[in-house]
Amino acid sequence: SPLTQVNSRFQLLRANLATAAQAGRPVRELPGTLCFESVYGRTEPCTGCPLNESPEEIMRLGSSEAEIADAAKEKTFLLSIYQFDRDVENPRYVCYYKDITEEKKLQLQVVQSEKMAGIGQLAGGVAHELNNPIGVILSFTQFSKETAEEIGDEELLDNLHEIESAAKRCKGIVAGMLEFSRPSLDEQMAPVSLEEIVDKALFLVSTQRASRNVEILREMQPDLPLVMGNNNQLLQVFINLIRNAVEAMASGGNLRLRSCVDERNYVRISVIDSGPGIPSVKLNRVFEPFYTTKAPGEGTGLGLSVSYGIVERHQGLIEVDSEAGQGATFTVVLPPAPSGD
Ligand code: ADP
């Protein structure tokens, strides 16, 4: 971390190598320059810097702290200032800058994920409101179809048929939104079919624009054992995995969904994409909360960590296998539901 000694006129007396790195110049060039200019790229002292106070005031406080931002390098530091000696005529200070950029980012992302939860609630409310009108459209379309059949108007019947299938599609989307936005406080476990959950997740993600260029290949083994689980939470897991795969293949590719049962009778479901893959150095980070390589506003970095937590609570685990350029495979492994006998 940058560590400097300055006088009350912001002149650097000494600086360590981290300061030089932050300044982007050799350390021997720093003494005599102004800290805010040479190190933090400003024309005026940093806002909030305690050195803006009079020497008497700083002396009175003994030491003080402030948050300093380097706008150009997008870094934030926590600055602590200590009076170096009791020289009142020509006071010198020690400044210690702790890099808190990552912490600040985390804070922001927590705010973002709370926002997402809020959006989820809003979407749930809207979905709820849409449910009835869609039902009305569907039933009146069906009445009208009967009439059209009676009078034998083929063209009208065709049109009504289109309206009906579009309304059914809306109904499906709304049902999915409602399911997704239900509070996850519901911890109810029951024997569930992973195949049904995967299909539902596929349907929901397929309504998104990003999935347009992706070919979906289902390689699901029939008669998978049921697992003991919470429908909504497991749905969320597969939505996250499928959405990540689809987003990784923005310019097209194959999405494979493969299932099998291992020798312990555990169910394994793999979501396999043909996207750019994940370089090995990043592989162990993808489950970290807030780890994301997506643009701000596009990724929260919570998808995989939340999914991992859910699967763990189901006594299972998520495996990842990938190499840069080779696509990625995420496999959910879950124990079978105890058999009834
Ligand atoms: P988010 O999707 O919001 O970024 P996630 O926790 O779901 O958060 O994913 C974290 C990161 O893992 C992504 O930003 C991406 O870099 C990487 N990742 C996840 N799935 C894939 C995939 N199928 N292919 C390539 N990278 C992936």
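All values below come from the heavy atoms of this structure, side chains included, with hydrogens, waters and symmetry mates left out. Order of listing sets the numbers, starting from 1, for every ligand and every atom in it.
Counting heavy atoms under 4.0 Å from ligand 1, residue Ile278 touches it through the side chain alone.
Salt-bridge formation is detected for the pair Lys98/Glu103: a Lys NZ or Arg NE/NH1/NH2 atom is positioned less than 4.0 Å from an Asp or Glu carboxylate oxygen. Salt-bridge annotation for Lys294 and Glu247: present, with a side-chain N of the basic residue lying under 4.0 Å from a carboxylate O of the acidic one.
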Contacts table for residues 149-157: side-chain donor-acceptor under 3.5 angstrom, sequence neighbours left out:
from	atom 1	to	atom 2	distance (Å)
Asp153	OD1	Glu155	N	3.3
Asp153	OD1	Leu156	N	3.1

Donor-acceptor list for residues 259-267 side chains, cut-off 3.5 Å, not counting sequence neighbours:
from	atom 1	to	atom 2	distance (Å)
Ser259	OG	Gln221	N	2.8
Asp262	OD1	Arg264	N	2.9
Asp262	OD1	Asn265	N	3.2
Asp262	OD1	Tyr266	N	2.9

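Using bins of under 30°, 30° to 60° and over 60° for the plane-to-plane angle, the ring pair Tyr40/Phe77 lands in the perpendicular bin.
Atom 23 (N) of ligand 1 has its nearest heavy-atom neighbour, among Asn244, Asp273, Asn240, Val286, in Asp273. The closest heavy-atom contact to atom 10 (C) of ligand 1, among the options Phe330, Tyr291, Phe287, comes from Tyr291.
Within ligand 1, counting atoms from 1 as listed, the ones closer than 4.0 Å to a heavy atom of Thr293 are 13 (C), 14 (O), 15 (C), 16 (O). The distance from ligand 1 to the heavy atoms of Gly303 drops below 4.0 Å at these ligand atoms: 5 (P), 6 (O), 7 (O), 8 (O). Residue contact check: Thr292 has heavy atoms under 4.0 Å from atoms 1 (P), 4 (O), 14 (O) of ligand 1.
Ligand 1 has no N or O atom lying under 3.5 Å from any N or O atom of Glu247, backbone or side chain.
No more than 12 heavy atoms of other residues, nucleotides or ligands sit less than 6.0 Å from atom CD of Glu44.
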